[in-house]
2 protein chains.
Amino acid sequence: MTQATGQTTGQTTGRAVRHDAMRARNLALVLGEVEARGSLTRAALAEITGLTKTTVSKLVADLIEAGLVVEAGTVRDGERGRPGMEVRISGDRIAAIGLEINVDYLSVRVVDLARSVRLRRTQAVDNRAAQPVDVIAALGDLVVKAVDEAVDIGLHVVGGVLAVPGPVDLSTGFVHNAPNLGWREVPVAELLRLPLPVLVENEANLAALGELWFGAGPPDFLYVSGEIGIGAGLVVQGRLFRGARGFAGELGHVAVSPDGPLCRCGARGCLERYAGQDALLAAAAVADLAELISLLEATDSRALAACERAGWALGVALSSAVNLVDPDTIVLGGIFARLFPWLADTVTGTLAAHLGQMRGAVPPVIVSRLGTEAAALGAAGQVIRQVIADPAAALHT
Amino acid sequence: MTQATGQTTGQTTGRAVRHDAMRARNLALVLGEVEARGSLTRAALAEITGLTKTTVSKLVADLIEAGLVVEAGTVRDGERGRPGMEVRISGDRIAAIGLEINVDYLSVRVVDLARSVRLRRTQAVDNRAAQPVDVIAALGDLVVKAVDEAVDIGLHVVGGVLAVPGPVDLSTGFVHNAPNLGWREVPVAELLRLPLPVLVENEANLAALGELWFGAGPPDFLYVSGEIGIGAGLVVQGRLFRGARGFAGELGHVAVSPDGPLCRCGARGCLERYAGQDALLAAAAVADLAELISLLEATDSRALAACERAGWALGVALSSAVNLVDPDTIVLGGIFARLFPWLADTVTGTLAAHLGQMRGAVPPVIVSRLGTEAAALGAAGQVIRQVIADPAAALHT
DNA sequence: CGATTTAGTCTACGTTGTGGACTAAATATC
DNA sequence: GATATTTAGTCCACAACGTAGACTAAATCG
């Protein structure tokens, strides 16, 4: 008889469950349902969660005491009987901050627990001309000012996440390569000294989460972000897909044509060489994106042809992505959001042509509604999500 | 202030935790640790799980009573003190059955809870020449006989999974299209009438799980399966990745060349047209795989060139897969396992050339060790995994 | 053979959810 | 306007499950 030698079938989480864990889970369940539905009475929460009215009352009392929820007024469902008291997420205490370093700006967004954007700050600056240490110092200043302003309006910022345009080693906050910024081997987390915990994460991934939580994202979609480099964030069942080492979503180096132009990565025919910003501007013989858009609006034939070819290449690469990772929807962000009117038809047509007839409907291609805010909002959303997932941790502060 | 309109950040599981759920989780934790480490004493379990010796004793007593574990003898760790009693998974009661329909055989494997293969049955038959209803009836007969034999040796087969070579609607067990079998719109689950619950699942996915649990699979890898159609199963952190609708892994229709030969799916330049079995045999001008292998062994130049081109195409398609889903390792199964000696160098070389220098080491390409057993073992492993993940359910039978 | 070490069992206790009794707050009916 | 009825929310004794220290059991060392 053959004895198995592989990985175990069980998926041990290594975590025993005790009474405190049980309570934490039920607190999270109640808070999550309140968030999902806007507001609920205790009786409704008991019905939805299956817990007894007694238990729900106790859990809600704990959440009120922690400042995570508030009572928001009475509400009646039927004709008779005691009216219930609505409980909703409190936007007046806990908040999170999202940070972003992009090519030509630094930005921060403060978001409260009810997911309202309470503060927006953007600073225009050419980050490619600056040293990483200076960029990060300037960002730190922006954050400290924003946090002070948040405190002034009664908010308690519990943490943040920083979006950078390149793959990130999540355990160290180290950025090996950010082509849009011209950065290599930058210890971003180490350089970022702030009086609150801030993690570092890839911009495309955070923008995808931003679309999910603040945009029109369905639970499963592929978000495409792009400047010089092109990245993708994949959300499946409301969760980010990262791959084995966190380097999934390198759409920019998917092969469009195996004998195509040589890429800076060393391979040939990468999407970036067709649809990256540099490739687009070169094909249209213009110096920047604003000029390209002007020419497109003037229906300049060379500019339109450049967009057509970029759209075709995006469609080919996205057809491979759809075959491999099976998203419901494709959301175009970054420069592709700005160029959407001139890209969408070609992308969708090429996608349809390359997907064939065997997988039913072609995933719709939509434009990001959040524009340049997607990544910073996704960053803040990560922290909000953590608080809602583990309210018991907030009870002890 | 902008109010969020997207999906909630919380990920409600909708499941309250009560005392019985707490016990079920701790039972699963203990059983999972015993499975992971082969055998453990109660004292060691207490140390590993963090539960008290009292609690572990009670949990182990429940598992022994359910026939999931047995005491296997005394063992000593240090020099002195009372020797501990080893507890290990019992292979003598609970078992699962894996089923597989492939092009030219039907097979079943009975696997016990200790993941030993206790029974192997394979029936050679040309399934493409048969009607689906007849194929499934023949499979049913094979299963009933195998289950009877399992009962004879004291095993209790609690359920099974059937592997079919095509995408499967998991909720209905419906197979829309299985190109290797020539099937379209087949209600497989409905046709399969058996005295035990059997689910239906895609063969490439199950083979990937087979490699994970019974082969040499690391926790993250891409398994490539192929006959006429080419599919891939992606395992990330020990879990199968399915995509939004369960149609991920369609490696066979990833574009190798955007202007390549027309595929039966309607697109151009799909991998299948370069590396699928029909394409390979046509390029080598042979009638079947055995003949191709004979010619390869005789170093026939046309046969070698056919393999070279298939390997090149695989390398191009796999480079897109690696960029998008970031696996650690690539495992070649199906016909590619048989052709591995003539494919491996070209696949690895092309992969390296197309990945460029920006993502560190190229994922190693290895051959499946399980051969044609991978899918059936993966299928049985699914049921075993379910029992180990929820032993409390087994306590009530 | 007693001291020491380690495993495993026993038992009272603490935490958290349950379930029925009860109070509170409303409307419908007479 | 008083009573009956309906529904929300609180009170309180109880059940389930893990904890922690006491205790027994099984070994080796000196």
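Note on naming: letters A, B, ... go to the chains in the order of the sequence lines (proteins, then strands), and numbering restarts at 1 for each one. What you see is a predicted model; the values in this text were computed from it and never measured.
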Any donor-acceptor N/O pair under 3.5 Å between [N] base and [X] side chain:
{"X": "A:His19", "N": "C:dT15", "answer": "yes"}
{"X": "A:Thr74", "N": "C:dA25", "answer": "no"}
{"X": "B:Thr54", "N": "C:dG8", "answer": "no"}
{"X": "B:Arg82", "N": "D:dA26", "answer": "no"}

When rounded to the nearest 0.5 angstrom, what is the spacing between CD1 in B:Ile94 and CG in B:Leu68? 5.5 Å
Mapping A:Gly50 and A:Arg76 onto DNA chain C by nearest heavy atom, which one lands closer to the 5' end? A:Gly50
Between B:Arg42 and A:Arg23, who's closer to the 5' end of DNA chain C by nearest nucleotide? B:Arg42
[X] has an atom [atom1]; how far is it from atom [atom2] of [N], in whole Å?
{"X": "B:Lys58", "N": "D:dC17", "atom1": "NZ", "atom2": "C1'", "value": "7 Å"}
{"X": "B:Met85", "N": "D:dA25", "atom1": "CE", "atom2": "C1'", "value": "12 Å"}
{"X": "A:Ile48", "N": "D:dA8", "atom1": "CD1", "atom2": "P", "value": "12 Å"}
{"X": "B:Asp62", "N": "C:dT9", "atom1": "CG", "atom2": "P", "value": "13 Å"}
{"X": "B:Glu86", "N": "C:dG8", "atom1": "CD", "atom2": "P", "value": "10 Å"}
{"X": "A:Leu29", "N": "C:dG17", "atom1": "CG", "atom2": "C1'", "value": "13 Å"}
{"X": "A:Asp20", "N": "D:dG18", "atom1": "CG", "atom2": "P", "value": "12 Å"}

Below the 4.0 Å mark, does C:dT16 have OP1 or OP2 next to a side-chain nitrogen or oxygen of A:Asn26? no
side-chain N/O A:Thr55 vs C:dT18 OP1/OP2, d < 4.0 Å: yes
If you check the B:Arg80 side chain, which of C:dT5, D:dG9, D:dG18 turns out closest? C:dT5
Per nearest nucleotide of DNA chain D, the residue lying toward the 5' end, A:Lys53 or A:Arg18, is A:Lys53
Salt bridge check: are [X] and [Y] linked by an N-O gap of less than 4.0 Å?
{"X": "B:Glu149", "Y": "B:Arg118", "answer": "no"}
{"X": "B:Glu35", "Y": "B:Arg385", "answer": "no"}
{"X": "A:Glu86", "Y": "A:Arg37", "answer": "no"}

A:Asp77 near the nucleic acid: base, sugar-phosphate alone, or nothing, with a heavy-atom cut-off under 4.0 Å? nothing
Check each of B:Leu199, B:Leu209, B:Leu377 against B:Gln382 using the side-chain contact (heavy atoms from CB on, under 4.5 Å) test, and report the only one that passes. B:Leu209
